[in-house]
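To start, the structure itself, in structure tokens.
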Amino acid sequence: MTLRLGVIGTGAIGQEHIRRCSKVLQGARVVAVSDINVDGAKAALNRLGLEAEVYADGHEVVKSSEVDAVLVTSWDPTHEEFTLAAIAAGKPVFCEKPLAMTAEGCRRIVDAEIKFGKRLVQVGFMRPYDAGYVALKKVITDGEIGEPLMLHCAHRNPTVPENYVTDMAITNTLIHELDVLRWLTEDDYKTVQVVFPRTSSKSHAKLKDPQIVLFETHKGIRIDVEIFVNCAYGYDIQCEVVGEEGIARLPEPQSVLLRKEAKLSETILTDWKDRFIDAYDVELQAFINDATAGQLQGPSAWDGYAASVAADACIKAQNSGAIEPVELPARPAFYNKS
Ligand SMILES: NC(=O)C1=CN([C@@H]2O[C@H](COP(=O)(O)OP(=O)(O)OC[C@H]3O[C@@H](n4cnc5c(N)ncnc54)[C@H](O)[C@@H]3O)[C@@H](O)[C@H]2O)C=CC1
Ligand SMILES: O=C1[C@@H](O)[C@H](O)[C@@H](O)[C@H](O)[C@H]1O
């Protein structure tokens with residue numbers, strides 16, 4: 001069976017996901033797309049050499065009888081609306097991060113999914129599918145470094161557009177760590193504090209950059225995450241876990257070691273598309289397989305909600321300067337892993 005996909009949002013990652021679902025992965029075909037920029041959507045299909053129905057309104061994609069499952073790859077504030085529409089239509093939906101702009105928005109999705117009675121939502125948290133993170137988690141769960149005590153992490157982008165403002169460092173960028181560090185440590189956040197070093201001259205008036213986010217988890221692990229989205233030098237994701245018996249570090253992406261002109265060097269990637277290219281392939285193949293089998297297993301609406309509960313606390317902490325509690329309710333049995 002071929003899963004017929006409808007894609008809402010044909011910008012950077014929408015085009016990447018259309019390309020991989022059409023040309024790299026098995027078992028799916030993109031039959032419909034939508035973007036508020038209809039000409040842009042048509043041009044994207046042309047560039048990829050693909051044919052699909054083009055709609056101006058994402059809801060037409062969700063409603064189309066030709067579409068079995070939906071990918072939401074439009075701007076962050078549109079995710080909740082399209083995900084809720086897909087649930088109402090009873091269609092599996094892969095929604096890029098963040099699931100919604102607030103925990104309240106994510107909770108509406110969780111409640112709608114529970115009411116529907118079956119998992120329909122996978123959130124685009126791709127890091128648990130990244131081979132490096134999987135290897136790092138194995139070292140921890142195999143007990144090789146003993147109990148984790150501290151994590152030192154960094155999420156660095158070379159640059160961001162002018163419309164990227166201070167709270168987006170949390171909702172758009174840190175949201176990946178908010179998910180993957182729960183998954184890695186099998187723990188939840190208890191408190192958070194955000195501190196602002198001197199702002200880089202490469203930033204702008206509405207963006208404090210860098211930021212340092214400090215967590216304590218329920219088990220007492222201390223985590224620091226540096227978010228630096230104008231770091232200039234590359235796209236760099238770091239994660240070091242300090243345990244009782246040793247230290248484990250996220251592997252660097254593979255790169256050739258070059259000896260040239262009296263220098264020994266390695267290339268640093270500059271784009272998330274390249275850094276996580278394999279992880280995006282694996283996460284979407286999983287979505288295609290699981291949606292076809294009628295049983296989603298990837299990052300759930302609850303995971304999207306849990307990350308957003310922490311994100312809300314981070315934003316509060318950005319504004320208060322204080323240590324803020326992260327209050328995640330108990331996970332409903334509906335989301336218990338089998
Ligand atoms: N998992 C990951 O690593 C990544 C996830 N993302 C997420 O994917 C989403 C898209 O990001 P990008 O592609 O980088 O942004 P983009 O700005 O390149 O593309 C977004 C597209 O959505 C369209 N759009 C906006 N509102 C719409 C609506 N109501 N209906 C249909 N189309 C609409 C825009 O016209 C634009 O073409 C964001 O939510 C972002 O957070 C983006 C990059 C990486
Ligand atoms: O999701 C992503 C972007 O939307 C976001 O803007 C970047 O900061 C992240 O590194 C990338 O993975």
Side-chain angles (χ1 to χ4, degrees), residues 6-20 32-45 54-62 70-83 85-86 94-101 105 122-130 133 153-165 167-180 207 209-211 225-231 234-239 269-284 287 298-299 304 307-308 311:
V7 181
I8 303 173
T10 58
I13 205 163
Q15 292 180 42
E16 276 293 287
H17 288 349
I18 292 170
R19 175 192 61 74
R20 58 173 43 90
V33 303
S34 160
D35 200 290
I36 45 170
N37 175 1
V38 174
D39 290 339
K42 288 181 181 162
L45 288 174
V54 180
Y55 295 101
D57 182 350
H59 290 282
E60 297 298 323
V61 168
V62 176
V70 179
L71 308 190
V72 179
T73 50
S74 43
W75 289 326
D76 296 2
T78 66
H79 294 182
E80 180 186 344
E81 171 191 345
F82 291 128
T83 302
F94 172 93
C95 178
E96 265 308 336
K97 40 60 58 175
L99 179 58
M101 295 307 287
Q122 177 172 329
V123 183
F125 289 133
M126 75 296 183
R127 292 198 193 173
Y129 295 96
D130 173 69
Y133 273 106
C153 310
H155 189 151
R156 304 193 187 109
N157 291 46
T159 180
V160 285
E162 277 289 306
N163 61 0
Y164 184 111
V165 293
D167 62 358
M168 288 173 71
I170 307 297
T171 57
N172 186 267
T173 295
L174 181 76
I175 199 81
H176 285 293
E177 273 78 15
L178 292 177
D179 177 66
V180 81
L207 173 59
D209 184 45
Q211 305 181 24
V225 186
E226 170 202 312
I227 317 163
F228 188 12
V229 294
N230 287 289
C231 81
Y235 181 75
D236 197 5
I237 305 299
Q238 298 291 326
C239 180
L269 297 172
T270 55
D271 197 327
W272 47 263
K273 292 188 200 82
D274 303 319
R275 170 63 181 85
F276 288 108
I277 191 163
D278 296 333
Y280 295 123
D281 286 351
V282 182
E283 72 164 351
L284 274 159
F287 175 74
S308 277

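Read the numbers this way: they start at 1 and go in the same order the structure lists the ligands and their atoms. Predicted model, so just to flag it, every value in this text is computed and none were measured.
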Checklist entry - Between Ile8 and ligand 1, which part of the residue brings a heavy atom under 4.0 Å of the ligand: side chain, backbone, both or neither? => result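 The answer is the side chain of Ile8.
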Checklist entry - ligand 1 versus Ile13, non-hydrogen atoms closer than 4.0 Å: side chain, backbone, both, neither? => result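 It is both parts that get close, each with some atom under 4.0 Å.
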Using the test side-chain hydrogen bond (donor to acceptor under 3.5 Å, both in side chains), find all partners of [X] that sit at least two apart in sequence or belong to another chain.
X      : answer
Thr171 : none
Ser74  : Thr78
Lys273 : Asp271

Checklist entry - Got a donor-acceptor contact below 3.5 angstrom from the Gln15 side chain to the Thr10 backbone? => result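 Between the backbone of Thr10 and the side chain of Gln15 there is a qualifying donor-acceptor contact (under 3.5 Å).
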I want to confirm something. Looking only at heavy atoms, which of [options] is nearest to [atom]?
atom                    : options                      : result
atom 31 (C) of ligand 1 : Ile175, Asp35, Thr173, Leu71 : Asp35
atom 1 (N) of ligand 1  : Arg275, Glu96, Arg127        : Glu96
atom 3 (O) of ligand 1  : Tyr280, Phe276, Phe82        : Tyr280

Heavy-atom contact check, 4.0 Å cutoff: does [X] meet ligand 1?
X      : value
Gly124 : yes
Lys273 : no
Glu16  : no

Checklist entry - Which residue supplies the protein heavy atom nearest to atom 7 (C) of ligand 1, what is that atom called, and how far is it? => result Lys97 O, 3.7 Å
Next on the checklist: For atom 22 (O) of ligand 1, what is the closest protein heavy atom, and at what distance to 0.1 Å?
Outcome noted: Ser74 CA, 3.4 Å
What does the contact table look like for ligand 2 (nitrogen or oxygen on each side, cut-off under 3.5 Å)?
residue: ligand 2; atom: 1 (O); partner: Lys97; partner atom: NZ; Å: 2.7
residue: ligand 2; atom: 1 (O); partner: His176; partner atom: NE2; Å: 2.8
residue: ligand 2; atom: 4 (O); partner: Lys97; partner atom: NZ; Å: 2.9
residue: ligand 2; atom: 4 (O); partner: Asn172; partner atom: OD1; Å: 3.3
residue: ligand 2; atom: 6 (O); partner: Asn172; partner atom: OD1; Å: 2.5
residue: ligand 2; atom: 8 (O); partner: Asn157; partner atom: OD1; Å: 3.3
residue: ligand 2; atom: 8 (O); partner: Asn157; partner atom: ND2; Å: 3.0
residue: ligand 2; atom: 8 (O); partner: Thr173; partner atom: OG1; Å: 2.8
residue: ligand 2; atom: 10 (O); partner: His155; partner atom: NE2; Å: 2.6
residue: ligand 2; atom: 10 (O); partner: Tyr235; partner atom: OH; Å: 2.7
residue: ligand 2; atom: 12 (O); partner: His176; partner atom: NE2; Å: 3.1
residue: ligand 2; atom: 12 (O); partner: Tyr235; partner atom: OH; Å: 3.4

